[in-house]
Amino acid sequence: MTKEQEAMLNRINLYAEQVMADIDPQKTRISVQLEKLKPIMETIASEQGRTLEDIFIEYMDLASECSVEKAKQVKEDYLDFDMEQGDLYKSH
C-alpha cells in the first residue's frame with residue numbers, strides 16, 4: 001500500500017467514524033454503509049480527477065488488504081503468546 005493509498009484509506013475511515021458512529025456494522029447492510037461514505041468518496045474522486053466507482057473499488061481493495069493484515073497480525077500475536085505460555089509451563 002502506497003502512502004497515498006494509506007492516506008486515502010485513513011481519510012475515509014476517519015469520515016466513517018464521524019458519520020457512522022451510531023451504526024452497528026454487523027447489523028447494517030453494506031449498501032447503507034457505503035451510501036454514508038459516498039460524500040467523502042465523491043470529494044476524493046473530484047480532487048483526484050477520478051470516477052466515484054474507481055475510488056469505491058480502490059477503497060474496498062485497500063480495506064480488504066488492511067483487514068487481512070490485521071488478521072495476520074492477530075494470529076501472529078496469538079501464536080507468540082501461545083508459545084510463551086508453553087515455555088512457562090515447561091519451565092515448572
Side-chain angles (χ1 to χ4, degrees):
M1 181 179 317
T2 68
K3 289 184 186 243
E4 291 82 13
Q5 290 172 322
E6 186 176 357
M8 182 181 80
L9 181 62
N10 289 337
R11 185 175 175 191
I12 294 171
N13 287 340
L14 286 172
Y15 181 84
E17 288 174 15
Q18 295 172 1
V19 299
M20 297 193 306
D22 59 340
I23 292 177
D24 181 351
Q26 300 299 324
K27 295 180 181 177
T28 306
R29 296 174 71 187
I30 296 292
S31 60
V32 172
Q33 294 177 47
L34 291 173
E35 190 63 33
K36 293 274 191 180
L37 298 178
K38 190 174 180 180
I40 190 64
M41 290 186 184
E42 288 174 329
T43 299
I44 293 170
S46 176
E47 291 170 357
Q48 296 183 4
R50 298 170 61 194
T51 66
L52 175 61
E53 291 79 13
D54 286 345
I55 299 300
F56 166 75
I57 291 167
E58 186 171 3
Y59 170 72
M60 295 302 288
D61 287 345
L62 294 173
S64 178
E65 181 181 327
C66 187
S67 179
V68 167
E69 285 300 315
K70 285 181 183 179
K72 181 180 172 184
Q73 187 60 49
V74 166
K75 184 177 180 180
E76 288 174 5
D77 290 348
Y78 176 77
L79 289 174
D80 288 345
F81 177 76
D82 194 37
M83 291 172 79
E84 289 172 10
Q85 292 298 313
D87 291 343
L88 282 174
Y89 294 125
K90 289 177 187 175
S91 66
H92 293 299

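One-based numbering along the sequence shown. Below, all heavy atoms of this structure are taken into account, side chains as well, without hydrogens, waters or symmetry copies.
- Here S64 contributes atom OG and E69 contributes atom CD; the two are 10.5 Å apart, rounded to the nearest 0.5 Å.
- The main-chain N or O of P39 is found under 3.5 Å from a side-chain atom of T43 such that the two form a donor-acceptor pair.
- You'll find the side chain of E65 stays beyond 4.5 Å of the side chain of Q5, heavy atoms only.
- Side-chain heavy atoms closer than 4.5 Å link hydrophobic residues (I, L, V, M, F, W, Y) into clusters, and following such links, possibly through other members, connects Y59 to I23.
- Here E58 contributes atom CD and E4 contributes atom CD; the two are 10.0 Å apart, rounded to the nearest 0.5 Å.
- For the residue pair A16 and L37, the shortest heavy atom distance occurs at CB-CD2, 3.5 Å.
- Not counting sequence neighbours, the partners of T51 by the side chain to side chain donor-acceptor pair (under 3.5 Å) test are D54.
- Remark: of the listed residues K38, M41, M60, M41 is the sole one forming a side-chain contact (heavy atoms from CB on, under 4.5 Å) with I55.
- Follow the hydrophobic side-chain contacts under 4.5 Å out from I57 and you reach I12 in the same cluster.
- The two residues M20 and Q33 have their closest heavy-atom pair at SD-O, 3.7 Å.
- L14 and L34 are assigned to two separate hydrophobic clusters, defined by single-linkage of ILVMFWY side chains at heavy-atom distances under 4.5 Å.
- Side-chain atoms of T28 come within 3.5 Å of backbone atoms of D24 as a donor-acceptor pair (strictly under, hydrogens ignored).
- By the criterion of side-chain heavy atoms lying less than 4.5 angstrom apart, applied directly or through intervening Ile, Leu, Val, Met, Phe, Trp or Tyr residues, V68 is not grouped with I30; the two fall into different hydrophobic clusters.
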